[in-house]
Amino acid sequence: MKEKELRRSMAVFPIGTVMKLTDLTARQIRYYEAQGLIQPQRNEGNRRMYSLNDIDVLLDIKDYLAEGINMAGIKHIYDMKQREKQKKQADLKRPVTDADVRRIFHDELLQQGRLQNEQHDAAPLFHKHKPL
DNA sequence: ATTCTGACA
DNA sequence: TGTCAGGA
């Protein structure tokens, strides 16, 4: 299961390919990078090279945008995601309890609701999550 | 031909 | 976010 993650992390696509795969403009892709959402490598010629993981993130960003979440909100979501990852490394020993799952889910719902009102007044998207 | 950075009538 | 410039 480590080989796969290694491949997914390999920066092998030039921005043109990523544009076709994500339907995002080069402008947007570079902007999201500037926002710290992705960290593509650079080749010998200073050209950005993206990995499958980068593309996945870009695709997720597209979804969030379509749901009406703004950049600030998306950044929060990823910051939270990374904090969760660090926490998961620390809690690798402790088994995840049902209460934990409920808490995380609840926090996400609450956070999403706040993100909507951070700058926009789009309709609530609480239907996104299936009841646990 | 493709991508990069910087800038804004 | 679009788009154009000027360079690699």
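Residue numbering restarts at 1 for every chain, and letters A, B, ... go by the order of the sequence lines. Since this is a predicted model, take the numbers as computed values, not measurements.
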*Asks:* Please tell me whether A:Glu5 and A:Asn53 have a donor and an acceptor in their side chains that are separated by less than 3.5 angstrom.
*Replies:*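 Yes - a donor-acceptor pair under 3.5 Å links their side chains.
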*Asks:* Quick one: A:Leu58 CG to C:dT1 P, roughly how many Å, whole number?
*Replies:*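 The answer, rounded to whole Å, is 11 Å.
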*Asks:* I need the CG-P distance between A:Asn43 and C:dA8, as an integer number of Å.
*Replies:*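 It works out to 16 Å between those atoms.
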*Asks:* Rounding to a whole Å, what distance do you find between A:Glu33:CD and C:dT1:P?
*Replies:* 15 Å
*Asks:* Rounded off to whole Å, could you give me the CZ-to-C1' distance for the A:Arg27 and B:dC4 pair?
*Replies:* 13 Å
*Asks:* Salt bridge or not between A:Lys75 and A:Asp79? Use side-chain N to carboxylate O under 4.0 Å.
*Replies:*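 No, no charged N to carboxylate O under 4.0 Å.
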*Asks:* In whole Å, what is the span from the CZ atom of A:Arg30 to the C1' atom of C:dC4?
*Replies:*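 In whole Å, C:dC4 C1' lies 13 Å from A:Arg30 CZ.
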*Asks:* Please give the nucleotide sitting opposite B:dA7 as a Watson-Crick or G-U wobble pair, both distances under 3.5 Å, or none.
*Replies:*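 Partner of B:dA7: C:dT3.
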*Asks:* What is the distance, rounded to the nearest whole Å, between atom CD1 of A:Ile15 and atom P of C:dA8?
*Replies:* 20 Å
*Asks:* If the cut-off is 4.0 Å, is A:Tyr31 near the phosphate of B:dG6, judged by side-chain N/O to OP1 or OP2?
*Replies:*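 So the side-chain polar atoms of A:Tyr31 never come under 4.0 Å of the phosphate oxygens OP1 or OP2 of B:dG6.
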*Asks:* By nearest nucleotide on DNA chain C, pick out whichever of A:Arg47 and A:Met71 is the more 5' one.
*Replies:*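 Its nearest nucleotide being more 5', the pick is A:Met71.
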*Asks:* Salt bridge check: are A:Lys88 and A:Glu84 linked by an N-O gap of less than 4.0 Å?
*Replies:*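 A:Glu84 and A:Lys88: not salt-bridged.
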*Asks:* Establish, from distance only, whether the side-chain atoms of A:Asn43 and A:Arg47 form a donor-acceptor pair under 3.5 Å.
*Replies:* no
*Asks:* Distance check needed: C:dG7 P versus A:Asn46 CG, whole Å only.
*Replies:* 17 Å
*Asks:* For C:dA8, what is the paired nucleotide under Watson-Crick or G-U wobble rules, both distances under 3.5 Å?
*Replies:*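 For C:dA8, the partner nucleotide comes out as B:dT2, under the 3.5 Å rule.
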*Asks:* In whole angstroms, how far is the P atom of B:dT3 from the OH atom of A:Tyr50?
*Replies:*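 Between P of B:dT3 and OH of A:Tyr50: 9 Å.
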